[in-house]
Amino acid sequence: MPKESPNLAKDFYTIVYEIVEQIPFGRVTTYGAIANAIGSKKSSRLVGIAMNHSHEIAPNLPAHRVVNRSGILTGQHHFLGEKSMIKLLTDEGLTIENNHVQQFEHIFWDPLNEL
DNA sequence: GGCATGACTACCG
DNA sequence: GCGGTAGCCATGC
């Protein structure tokens, strides 16, 4: 009798990618929120690591829509260009000030609440 | 199995 | 609000 949840039956990375790729246009979420949606909010670091490998496994992943709990683009230096991540977000109608997403709470997308 | 790593978060002063 | 510290846990060697 398997105890694991259907979601956790897949690899941790896979779950992260499926959630991130469902983030709506012009919205952002946090690593902690994704980890919490998976079932292990403690694993927020793993979400970040999953994003780090995402360029190999899921190159089309909107990783620029994932920021830390403060709305800061911590993964900026992992992107192709440092301005790319900001440009992508600003192109979606967001306002970025010194790597910090303005109106962050307004555009925050919670996978637990919305999914 | 042990140890190091990391795109995080919470707590403390 | 900011810097330092601790906890967390999947992944790879």
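Annotation: ring-ring contact (aromatic ring centres under 6.0 Å, His included) contacts of A:Tyr17 (sequence neighbours excluded): none. Partners of A:Glu92 according to the salt bridge (Lys or Arg N to Asp or Glu O under 4.0 Å) rule, which considers only residues two or more places apart in sequence or in another chain, are A:Arg65. With sequence neighbours left out, the ring-ring contact (aromatic ring centres under 6.0 Å, His included) criterion links A:His53 to A:Tyr13. In this view, A:Ser70 and A:Asn68, A:Ile72 satisfy the side-chain contact (heavy atoms from CB on, under 4.5 Å) rule, not counting sequence neighbours. For the side-chain contact (heavy atoms from CB on, under 4.5 Å) test, residues two or more places apart in sequence or in another chain that qualify with A:Ser43 are A:Phe12, A:Ser40, A:Leu46.
In terms of heavy-atom proximity, A:Gly26 sits nearest to A:Leu94 at O-CD2, 3.4 Å. Contact between A:Phe25 and A:Asp91 at its shortest, heavy atoms only, is CZ-O, 4.2 Å. Considering every non-hydrogen atom in both A:Ile19 and A:Pro111, the closest pair reads CG2-CB, 3.8 Å.
Put simply, the side chain of A:Thr30 does not reach to within 4.5 Å of the side chain of A:Val66, judged on heavy atoms.
Proximity of residues 44-51 of chain A to DNA chain C (heavy atom under 4.0 angstrom from any strand atom) is restricted to A:Arg45, A:Leu46. Contacts between residues 54-62 of chain A and DNA chain C, defined by a heavy-atom separation below 4.0 Å, involve no residue at all. Non-hydrogen atoms lying under 4.0 Å from DNA chain B are contributed by nothing in residues 101-115 of chain A.
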Could you walk me through whether A:Tyr31 and A:Met51 satisfy the side chain to side chain contact (heavy atoms under 4.5 Å, CB included) test, starting with their C-alpha distance in whole Å, then the side-chain angles of each, then the deciding distance to 0.1 Å, before giving a yes or no? CA-CA 10 Å; A:Tyr31 302 97; A:Met51 303 309 298; 4.1 Å; yes
Residue pair A:Thr95, A:Gln103: steps toward the side chain to side chain contact (heavy atoms under 4.5 Å, CB included) verdict: CA-CA 8 Å; A:Thr95 304; A:Gln103 303 293 317; over 6 Å; no
Can A:Val20 and A:Val16 be said to form a side chain to side chain contact (heavy atoms under 4.5 Å, CB included), step by step? CA-CA 6 Å; A:Val20 173; A:Val16 175; 4.0 Å; yes
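Sorted by first and then second residue, the salt bridge (Lys or Arg N to Asp or Glu O under 4.0 Å) pairs involving residues 19-43 of chain A (not counting sequence neighbours) form an empty list. Among residue pairs with one or both ends in residues 103-114 of chain A, none qualify as salt bridge (Lys or Arg N to Asp or Glu O under 4.0 Å); sequence neighbours excluded.
Taking a heavy-atom distance under 4.0 Å as the criterion, the stretch of DNA chain C touched by chain A extends 5' to 3' from C:dG7 to C:dT11. In 5' to 3' order, the nucleotides of DNA chain B bounding all contacts with chain A (an atom under 4.0 Å from a heavy atom) are B:dG6 to B:dA10.
The 5' end of DNA chain C is approached more closely, in terms of each residue's nearest nucleotide, by A:Ser43 than by the other of A:His53 and A:Ser43.
Using a 4.0 Å heavy-atom criterion, one finds that A:Asn68 contacts the sugar-phosphate atoms exclusively.
Side-chain contact check for A:Gln102 and A:His100: at least one donor-acceptor pair (N or O, by modelled atom type) lies under 3.5 Å.
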